[in-house]
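The structure under discussion appears below in the form of C-alpha cells.
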Amino acid sequence: MFRKILVANRGEIAVRVMRACKELGIKTVAVYSLADKRAFHRVYADECYCIGDPEPAKSYLNMDVILEVAKKSGAEAIHPGYGFLAENPEFAKRCEEEGIVFIGPSPDVISAMGSKINARRLMREAGVPVVPGSEELRTADEAVEFAEKIGYPVAIKASGGGGGIGITIANNAEEVRKAFEKSRKLGEKYFRDSSVYVEKYLPKPRHIEFQILADDRKVTHLGERECSIQRRHQKLIEEAPSPAFDEEMRERFGKIAVKGARHIGYRNAGTMEFLYQDGELYFLEMNTRLQVEHTVTEMVTGVDIVKEQLRIAYGDGISFDQEDVTIRGHAIEARINAEDPISFLPRSGKIVRYRSPGGPGVRVDSGVHMGYEIPPYYDSMISKLVVWGRTRIEAIARMRRALYEYIIEGVETNIPFHMVVLEDEEFVRGNTHTKFVDERNIPERVLQSLKSIRHLKTRLDEIFTRDHYECEFEENIVPVAVSAVMAYIESESVEGLIEAKTSESWKIYHRLKRLGWF
C-alpha cells in the first residue's frame, strides 16, 4: 500500500480522505491556502504546506504548486477529493508524467465523460438509454429547430457544465435563443467549453445515481442513491436506497450502470447519474470522482469507498465481489451549508458557537470548528450530516433529532430548510422529485417556521449564553476558589498547598492557575 498521499483539497472531504489513510497506516500531506490557515484539515494531516493566496486559481487549482509539494514531500499519490482538480484530465495526465499516482480514472476517461455530448454518445453505444436530445448545436436557430422537433419544454445545457451551471429551461423559441447564448457563455467561462446541446425536459423526474467501483478485472455497483431534493440543480438531501426502487429494479438498473462504465473502460470510483420517470431510467451524466453523497452508500453497504479507491489505485483491486454487496437499512444525508435558508444565497463569517449532534446512527463529516472563519472563496458547505436507521421512517426521525441538536451560530445556515423538508408529508411518503422544493413551496414554509424553530432551539442555545456561564461561575468556581484560598492560608504558601495538602487541593490549585489566579 502507499506510504504517503497528498490530498489536493480542503474542508470535510480532505479530512474524510485522511481518515481512511490513517486507518490504513498511510501518512498524509495537506495543502492549504492563506484563507485556510486555521482549517482543521491542515492540522489533521501529518504534513502541511501553504500553496498560495485564497483565490482557487492561486492555490487549490494551481497544478504546478501542488505537484511541487507532492514531489517535495515524497508523496506517492494524490487524492483530488471532489471539485477543484478532481475531474481535470490535464492534472491527471501531469500526475502520470511526474510518476505520481492519480487516485481516480485515467485522463482519457475523465476527458471523454467531461463532455456531456460525448458522454451521451458513448452511452448510446453501450446500449444505455439517454434522455432524448441533440448533438452539439452551433447556432440558436439550430437549437430552436431541434426544440420544436422534440417539443417544449426543453433544457438548454452547456456540454461541459456541472453543479447546475449552464442549464436553462425554455418553453418557446424566444426563450431557447436567450438560453442558448447564456449557456454558451457560461460554458466558456466556467469550463472552457462553449458547446451547447438541447435535451427534452422531464417535468418531475427523480434524480437517481449508481455508485460504481471498478478495477482492472471487474466493475461493480453499490446500489442507488436518490438525490431529488435540489435547489438550482444542486443537491441538498440525498438518501440510499431510493424509496422508489425495489430489489428487482436495483439489480436491473444496476446492470445498466455497470454496462455503461465497462464500455468506457472505467477504473476507480465513479457515479452514473440518471433521471427516472414513469418507470424509465435515462442516463444524465457520469461523475468521474468521489461524490459528496458517497456517505449514504457507505452507511447502507458498510463499504469504505475511499479505502477501495486507494486499493484500486495501488493495484490491489476491489476487496469484494458484486454478490457480496447487500443493502442494510436506510441512510439520509443533509448538506449543511452556510447560506440563507430561503434565498439560498451563500454566507461567510466566523462560527462563534458550534455543537455537532451525536447518538446512535449519526455521522458528521466536517472540516470546521468553533472560531473557524468560513471564507467567501469556496463552496459554502459546512458539513455533511448523515444518519442511518433500520427503516426509512426511523432514518427520518433520527435526522429530525440530529438537526434539532445541531447548533451553529455566527453564520446563517440551511438547517431550518432541512427541518421543514424532513417534516413534509410528501417527503415522508417518499414522493420526491427534482421540482420538490418549488412545488412544495419549501422556502415560504421555512420563512413561516423560523420563529418556532428558533424557539425549539433556545433550550439548547442556553448552554452557550453568558448568563449560563455567569451562573456556572457562581455555583462552581466560587466555592472552589474559597476552598483554595482557605487551603492557601492554612499552608501559608502555594508551595505548601502543593506539598502539604490533599490531592483535591492539588486539583483546585491547577484549576485556579488555568484561570489566572496564580
Side-chain angles (χ1 to χ4, degrees), residues 80 82-94 96 102 104-140 142-143 145-147 149-150 154-168 179-180 182-202 205 207-212 214 219 221 233 256-275 281-291:
Y82 53 73
F84 294 130
L85 296 171
E87 292 179 286
N88 188 308
E90 181 185 351
F91 183 64
K93 182 66 175 176
R94 290 192 60 183
E96 284 185 359
F102 178 80
S106 70
D108 290 342
V109 168
I110 295 174
S111 180
M113 302 311 285
S115 164
K116 289 185 173 62
I117 293 172
N118 191 53
R120 288 164 54 86
R121 183 169 59 250
L122 288 169
M123 289 303 108
R124 286 196 200 96
E125 291 176 3
V128 175
V130 301
V131 178
S134 70
E135 294 293 319
E136 179 182 355
L137 299 171
R138 301 192 179 278
T139 67
E142 289 181 358
E145 182 180 351
F146 189 86
K149 177 181 176 182
I150 63 174
V154 296
I156 315 298
K157 296 188 174 184
S159 180
I165 299 172
I167 301 176
T168 306
F180 180 88
K182 178 182 178 182
S183 293
R184 185 180 62 79
K185 290 177 181 177
L186 288 172
E188 178 61 37
K189 177 180 178 180
Y190 289 100
F191 311 106
R192 293 183 293 179
D193 182 356
S194 62
S195 54
V196 172
Y197 68 103
V198 174
E199 192 175 79
K200 180 64 180 175
Y201 179 70
L202 301 178
H207 188 125
I208 303 292
E209 57 188 35
F210 275 83
Q211 176 67 59
I212 297 294
V219 181
H221 75 83
H233 308 290
I256 291 174
V258 165
K259 182 166 62 172
R262 184 177 288 117
H263 179 70
I264 60 174
Y266 200 82
R267 188 173 182 271
N268 212 269
T271 301
M272 299 285 284
E273 300 205 357
F274 299 89
L275 295 179
L281 196 72
Y282 301 100
F283 174 80
L284 182 63
E285 63 180 338
M286 185 173 194
N287 286 292
T288 54
R289 55 168 168 80
L290 188 67
Q291 289 278 83

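Given the structure is predicted, the values throughout are model-derived calculations rather than measurements.
Residues H207 and E209 meet the side-chain proximity criterion, which asks for heavy atoms closer than 4.5 Å. Looking at P129 and I256, their side chains come closer than 4.5 Å, going by heavy atoms from C-beta outward. Residues M123 and R121 have side chains not in contact (no heavy-atom distance under 4.5 Å, counting atoms from C-beta outward). Within the 4.5 Å cutoff, side-chain heavy atoms of M286 are placed close to those of I264. Side-chain contact check for F274 versus F283: some heavy-atom pair is nearer than 4.5 Å. Looking at Y266 and M113, their side chains never come closer than 4.5 Å, going by heavy atoms from C-beta outward. N287 places a side-chain heavy atom less than 4.5 Å from the side chain of E273. Counting heavy atoms from C-beta outward, V196 and L137 have side chains that stay 4.5 Å or more apart.
Between Y201 and A155, the shortest heavy-atom distance links the atoms CB-N, 3.9 Å. Scanning both residues, I150 and P132, for their nearest heavy atoms gives CD1-O, 4.5 Å. When every heavy atom of A261 is checked against every heavy atom of V219, the shortest pair comes out as CB-CG1, 4.0 Å.
Between R289 atom CZ and Q291 atom CD the span is 4.5 Å, to the nearest 0.5 Å. Atoms CD1 and CD1, from I167 and I156 in turn, are 11.0 Å apart once rounded to the nearest 0.5 Å. Remark: T168 OG1 to F180 CZ distance equals 12.0 Å, nearest 0.5 Å. Here the CG atom belonging to N268 is positioned 12.0 Å from the CD1 atom belonging to I212, to the nearest 0.5 angstrom. Atoms CD and CD, on E142 and E135 in that order, are 12.0 Å from each other to the nearest 0.5 Å. I110 CD1 to E87 CD: the interatomic distance, rounded to the nearest 0.5 Å, is 7.5 Å.
For the salt bridge (Lys or Arg N to Asp or Glu O under 4.0 Å) test with R120, the passing option among E285, E125, E199, E136 is E199; the others fail.
In this structure a side-chain-to-backbone donor-acceptor pair under 3.5 Å is present from S183 to A179. Between the S194 side chain and the G187 main chain, no donor and acceptor come within less than 3.5 Å of each other. Remark: side-chain polar atoms of Y190 are not paired, donor with acceptor, to backbone N or O of D193 under 3.5 angstrom. One N or O on the side chain of N88 and one on the backbone of E90 form a donor-acceptor pair closer than 3.5 Å. With hydrogens and angles ignored, the 3.5 Å screen pairs a side-chain donor or acceptor of S134 with a backbone N or O of V198.
Under a cut-off of 6.0 angstrom, the local environment of NZ in K93 is sparse, with at most 12 non-hydrogen atoms contributed by other residues, nucleotides or ligands. Taking a 6.0 Å sphere around CD of E145, one finds it holds 12 or fewer heavy atoms contributed by other residues, nucleotides or ligands. For R124, the CZ atom sits in a packed shell: over 12 heavy atoms of surrounding residues, nucleotides or ligands are nearer than 6.0 Å. Remark: Y82 OH is packed, more than 12 non-hydrogen atoms of other residues, nucleotides or ligands lying under 6.0 Å away.
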